[in-house]
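These notes concern the structure reproduced below.
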There are 2 protein chains.
Amino acid sequence: MRADAQRNREKVLQAASAAFAAEGLGVPVQEIARRAGVGTGTVSRHFPTKESLFEAVVLSRVEPLIDRARSLTATRDAGDAFFEFFAHMVDQGALDRGLAEAFAGAGFDMEGAALKAGYDVGATFRELLTRAQQAGAVRPDVDITDVKALMFGCLTRERGQAEPAARDRVVTVVRDGLRAHPAQAI
Amino acid sequence: MRADAQRNREKVLQAASAAFAAEGLGVPVQEIARRAGVGTGTVSRHFPTKESLFEAVVLSRVEPLIDRARSLTATRDAGDAFFEFFAHMVDQGALDRGLAEAFAGAGFDMEGAALKAGYDVGATFRELLTRAQQAGAVRPDVDITDVKALMFGCLTRERGQAEPAARDRVVTVVRDGLRAHPAQAI
DNA sequence: TGACAAGCGGGATGAGCGTCCCGGATATTA
DNA sequence: TAATATCCGGGACGCTCATCCCGCTTGTCA
């Protein structure tokens, strides 16, 4: 690949990354080209479809998340690993609107794309949950889809403003709810 | 207004209501016209913009919600009123995708539109929360925005499938989390 | 029943967007 | 430096969709 092509590809990736993070996945391709200082043709050549841009940007965000999950699994007990990962996902999603939309499956199948690249986000998260439940740290009557839904709720709180205190409040409520044992909760 | 005009207006409203409930607010106006069995011009005349259609349909959903809130306030203690209304909102949103999107503020300012029509959804919900907190049924360290975010999370669980058991599970988790006292939760 | 205002259908219009294409420019290699 | 494969810019194209408009139809009332 020619050196200038490599440079331009990088510029596009960076502009797309920033644009998606700030405004979400709805940013027009032409706007990304403008911010990257290249023509729309250049974007199209490096990323033939908008979805391929999504993949490149979102996957670069998913990789560290998986790493974080693995590291937490190795160094914390099951309950702490689960809740810290939960909070970390919310933090990341709050900082990056595009990532939050991808989590929510709004117009892009993140898990499918990640799986194609060898990252099984679903399985990773499911394992964290199962281990936490076996350790008695999370009530046994919730499944992974429930947890994801609660995560989206926490993310929604951050629509736009970055208010870490509010984020913590909502995460705390969810954590207390997930910890409660069904029998003792009534 | 001519009788046939009145009939057509009704047909459009009903078709739009069903379409928004089933597929969300993104349904094209032309599709609504087709399902109503009228031309697009007829839709445009009765509802000059798509947003005016949103208003008409969504407001017809908001009114019973407000009624429900008032009735619960009158007949239940503060905590039950709050939690029953919360569950009811989630149920309604799960049955009606358009309503859920409007709650989430996706492309349409429901609260603003409702306020224009004399329904202060925000104030109604806030009062329920405040009373529940004063009664000690809800932890004092959450605000109305937190609660809304958690509600959106519960709604997200229902994206598409109607699985009331899952809905209950998530609502239960949130309820237990909201009940927990901050001091005893640690 | 006849005249006319009110209403109807659906094509026209224009905006926004993703994707494709090509004439010109540029990096690379000998 | 000359030749060539590669890459660039940005306009063209096709699509979707909301909104507007006009020639024709139909309900209404004297």
Side-chain angles (χ1 to χ4, degrees), chain A residues 1-58 97-98 101-102 105-110 112-113, chain B residues 1-58 97-98 101-102 105-110 112-113:
Chain A
M1 187 189 287
R2 250 167 61 173
D4 57 342
Q6 180 78 28
R7 263 197 313 275
N8 276 327
R9 198 191 133 92
E10 214 50 45
K11 283 199 287 185
V12 169
L13 256 182
Q14 216 164 331
S17 182
F20 290 153
E23 276 119 78
L25 302 179
V27 179
V29 173
Q30 328 211 358
E31 176 63 18
I32 290 169
R34 203 187 56 76
R35 295 193 199 178
V38 304
T40 61
T42 303
V43 177
S44 283
R45 200 166 333 95
H46 289 298
F47 306 96
T49 66
K50 197 176 184 182
E51 196 163 317
S52 61
L53 241 187
F54 289 164
E55 283 185 21
V57 172
V58 171
R97 183 161 165 187
E101 289 177 11
F108 174 59
D109 174 20
M110 187 202 66
Chain B
M1 188 190 286
R2 248 168 63 172
D4 57 341
Q6 180 77 29
R7 263 199 311 277
N8 276 326
R9 198 191 133 94
E10 214 50 45
K11 284 199 285 186
V12 169
L13 256 182
Q14 217 165 331
S17 183
F20 289 154
E23 276 120 77
L25 302 180
V27 179
V29 173
Q30 326 211 3
E31 177 63 18
I32 290 169
R34 203 187 57 77
R35 295 193 199 178
V38 303
T40 60
T42 302
V43 177
S44 282
R45 201 166 333 97
H46 290 298
F47 305 95
T49 67
K50 197 175 183 182
E51 196 164 316
S52 62
L53 241 187
F54 289 163
E55 284 186 20
V57 171
V58 171
R97 185 162 164 187
E101 289 177 12
F108 174 60
D109 175 20
M110 187 200 67

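A, B, ... follow the sequence lines: proteins, then strands. Residue 1 opens every chain. All of these numbers come straight from a predicted model, not from anything done at the bench.
Shown here for A/Ala102 and A/Met110, the closest heavy-atom pair between the two residues is O-CB, 3.6 Å. Taking both residues in full, the closest heavy atoms of A/Ala19 and A/Ile32 are given as CB-CG1, 4.2 Å, listed atom of the first, atom of the second, then distance. Heavy-atom minimum distance, B/His46 versus B/Asn8: NE2-CB, 4.3 Å. The two residues B/Lys50 and B/Val27 make their nearest non-hydrogen contact at NZ-O, 2.8 Å.
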Collect all protein-nucleotide pairs involving nucleotides 18-24 of chain C in which both atoms are nitrogen or oxygen and the distance is under 3.5 Å.
residue: C/dG18; atom: OP1; partner: A/Lys50; partner atom: NZ; Å: 2.6
residue: C/dG18; atom: OP2; partner: A/Val29; partner atom: N; Å: 2.8
residue: C/dG18; atom: N7; partner: A/Gln30; partner atom: NE2; Å: 3.0
residue: C/dT19; atom: OP2; partner: A/Lys50; partner atom: N; Å: 2.8

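More than 12 heavy atoms of other residues, nucleotides or ligands lie within 6.0 Å of CD in B/Glu23, so this atom counts as buried by the packing criterion.
Between A/Arg34 and A/Glu31 there is a salt bridge, since a side-chain N of the basic residue sits under 4.0 Å from a carboxylate O of the acidic one.
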From CA spacing to verdict: side chain to side chain contact (heavy atoms under 4.5 Å, CB included), B/Leu13, B/Phe47: CA-CA 10 Å; B/Leu13 256 182; B/Phe47 305 95; 3.8 Å; yes
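One finds no side-chain N or O of B/His46 lying less than 4.0 angstrom from the OP1 or OP2 phosphate oxygen of C/dG7. Listed pair B/Asn8 / C/dC8 meets the phosphate criterion, a side-chain N or O lying under 4.0 Å from OP1 or OP2.
Heavy-atom nearest nucleotides on DNA chain C were determined for B/Arg2 and for B/Val38, and the one closer to the 5' end corresponds to B/Arg2.
In this structure a side-chain-to-backbone donor-acceptor pair under 3.5 Å is missing from A/Glu101 to A/Gly24.
Rounded to whole angstrom, the span from the CZ atom of B/Arg7 across to the C1' atom of C/dA6 amounts to 14 Å. In this structure, CG of A/Asp4 is placed 15 Å from C1' of C/dT29, rounded to the nearest angstrom.
In 5' to 3' order, the nucleotides of DNA chain D bounding all contacts with chain B (an atom under 4.0 Å from a heavy atom) are D/dC17 to D/dT28.
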